[in-house]
Amino acid sequence: MSEKGAITLVETLTKVSTQNRRMSAKIADTLVSECRDGNHPKIAGKWGYVAGMTLLALERAAVWNSEPRYSELVLHHMDGLIDKDGTIRNYQLEDYNLDMINEGKNLFSMWKRTGEEKYHQAILRLVVQLKGQPRTSEGGFWHKKIYPFQMWLDGIYMSSPFLAEYGRVFDHPESFDEVARQILLIERKTRDPRTGLLHHAWDESREQRWCDKETGQSFHVWGRAMGWYAMAVVDALEHFPMDHSQRGQIMGIFERMAYAIAHAQDQESGLWYQVMDQNGREGNYLEASASCMMTYALAKGQRLHYLAELDRKVVDRAYAGILSRLVTEDEQGVHLHCICHGAGLGGKKYRDGSYAYYISEQIVSDAQMGVAQSCWPVLKWRCGEQGKCEEIKRNSCGQTRKKQDASKVSRFMVEGDVAGGASFR
């Protein structure tokens with residue numbers, strides 16, 4: 001490359017980087033603006049997977065934007081949850097609930113940043129839960145103690161990246177073996193060989209009404225559950241030692257799954273449906289959290305060379321679709337629309353896993369469940385020249401009155417390492 005060309009490239013990347021910093025900062029600023037007396041009403045005093053995801057997104061935004069306010073907000077909320085002896089407030093180990101592991105991912109960066117022993121002790125408490133987590137006959141973690149013999153894709157994301165990071169930070173090889181067991185087992189039990197997609201959950205006992213009595217699989221492919229699993233694999237893999245005997249196998253099943261995800265992508269919008277094995281069916285809709293999650297996972301997989309031949313346009317279309325169809329902006333900040341408020345299986349108010357059930361769950365805007373995920377693709381990509389998103393006047397889910405010109409989201413590059421000693425790429 002000529003000297004002039006090199007200078008032009010540097011100038012372009014600087015401009016592009018600045019544009020994307022503005023968008024990620026806007027998302028983070030919106031979260032900060034919702035705080036009262038330094039506390040976010042949906043995060044403060046809450047130990048759970050949603051609050052944990054939001055804080056993790058803020059921590060990453062702090063590094064990407066060189067903005068200490070975001071990081072200070074994370075520390076403030078985490079500090080209020082961890083007592084001096086490492087006791088985690090509002091957490092009960094005996095529930096054996098994998099959802100409760102997710103917020104623990106923030107403990108590693110807090111420990112590194114402050115050096116306070118309480119964060120170390122809190123990490124160890126969560127590891128104790130995983131050591132005693134109830135299991136299927138082949139060693140798969142039950143999603144919760146109250147869901148006997150059930151493995152959910154959600155739980156792989158909640159626990160596996162945490163345990164993999166523990167294995168790296170504390171030089172504990174057995175943790176990598178455990179993570180590999182969970183990732184590979186649930187893929188084998190939930191995968192549909194016709195589509196290559198993974199069903200939401202698997203019941204070893206075949207007792208639940210939501211499962212197929214022959215396979216134990218739930219009936220449908222829920223978009224967010226696919227997103228949970230895809231993120232779990234890429235986030236866990238980055239901690240694995242290069243010479244681990246199952247690293248390549250995990251990478252291989254991720255690549256196979258990535259092609260299935262690409263095949264299920266809506267070609268017009270670049271997004272993914274709430275129920276991914278029912279594209280175009282009446283009542284189905286393009287869902288925000290799933291689309292953000294899979295965009296993040298595929299982008300990260302390409303950046304880390306886990307995906308050898310996946311067409312780059314799959315991710316380009318997805319990112320452009322998120323900005324043009326799901327995101328709006330006003331004087332109150334950035335908003336994300338078309339978020340499934342929540343979905344599950346079984347429980348007291350029984351959720352039967354039918355198509356009718358998944359599309360019946362409330363569709364909302366600005367729920368933390370989607371906002372945190374929306375921040376991650378922004379943090380991972382740099383828009384090309386003219387990459388600034390136009391303001392969109394939304395009409396309904398998956399539709400806009402004014403579509404962004406795809407040429408204005410021309411090329412994206414995955415951003416590198418972020419905070420806390422971990423390589424969140």
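Looking at every heavy atom in both residues, G321 comes nearest to L271 through C-CD2, 3.6 Å. The minimum heavy-atom distance between L126 and I101, with the atom names listed, is O-CD1, 3.8 Å. Nearest heavy atom pair, residue Q182 against residue F141, reads OE1-N, 2.8 Å. Here the shortest heavy-atom pairing between D212 and R206 reads O-CG, 4.1 Å.
Y355 and F219 have their aromatic ring centers separated by at least 6.0 angstrom. Taking the six-membered ring where the residue is Trp, the centroids of H120 and F170 are separated by under 6.0 Å.
Distance CG/N284 to CZ/R281: 8.5 Å, rounded to 0.5 Å. Summarising the geometry, atom CE belonging to M294 is positioned 8.5 Å from atom OG belonging to S289; distances are rounded to the nearest 0.5 Å. A distance of 8.5 Å separates CD in E178 from OG in S159, rounded to the nearest 0.5 Å. The distance from atom CD1 of I261 to atom CE of M293, rounded to the nearest 0.5 Å, is 11.5 Å.
Taking the side chain as every heavy atom from C-beta outward, L345 and H200 approach each other to under 4.5 Å. Two residues are said to be in side-chain contact when any heavy atoms from C-beta on lie closer than 4.5 Å; M226 and M257 meet this criterion. Looking at heavy atoms from C-beta onward, I250 lies in side-chain contact with F240 at the 4.5 angstrom threshold. Side-chain contact between R125 and T87 is present, with at least one heavy-atom pair separated by less than 4.5 Å.
Crowding of R209 atom CZ: a count of heavy atoms from other residues, nucleotides or ligands under 6.0 Å not exceeding 12. More than 12 heavy atoms of other residues, nucleotides or ligands shown are found within 6.0 angstrom of CD on E174. Around the NZ atom of K84, the shell of radius 6.0 Å holds no more than 12 heavy atoms that belong to other residues, nucleotides or ligands. Within a 6.0 Å radius of NE2 in H263, other residues, nucleotides and ligands contribute 12 heavy atoms or fewer. In the displayed structure, E94 atom CD is contacted under 6.0 Å by more than 12 heavy atoms of other residues, nucleotides or ligands.
Checked against Y147 for a ring pair (Phe, Tyr, Trp, His ring centres under 6.0 Å), the options W210, W152, W142, W202 give a single hit: W152.
S66 places no side-chain N or O within donor-acceptor distance of the main-chain N or O of A62, the cut-off being under 3.5 Å. Under a 3.5 Å cut-off, the side chain of Y119 and the backbone N or O of N106 do not form any donor-acceptor pair. Formation of a donor-acceptor pair under 3.5 Å by the S218 side chain with backbone atoms of H199 is not found in this model. Side chain of T30 to main chain of V334: a donor-acceptor pair is present (N/O by atom type, distance under 3.5 Å, no hydrogens or angles). Judged purely by atom type and a 3.5 angstrom limit, K144 has no side-chain atom pairing as donor or acceptor with the backbone of D95. A donor-acceptor pair is defined here as one N or O able to donate and one able to accept, closer than 3.5 Å; no such pair exists between the side chain of E204 and the backbone of Q150.
With 3.5 Å as the limit, one finds no donor-acceptor pair spanning the side chains of W111 and E116. Side-chain contact, Y273 with Q265: no donor N or O sits under 3.5 Å from an acceptor N or O.
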Quiz item: So Y91 and Q129, side chain to side chain donor-acceptor pair (under 3.5 Å) or not? Walk me through it.
Solution: CA-CA 11 Å; Y91 163 76; Q129 176 189 320; 2.7 Å; yes
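Ring geometry for W228 against Y49 counts as perpendicular: the plane angle is over 60°, on a 0 to 90° scale with 30° as the lower cut. Ring pair F176/H244 is perpendicular by interplanar angle, where above 60° counts as perpendicular and below 30° as parallel.
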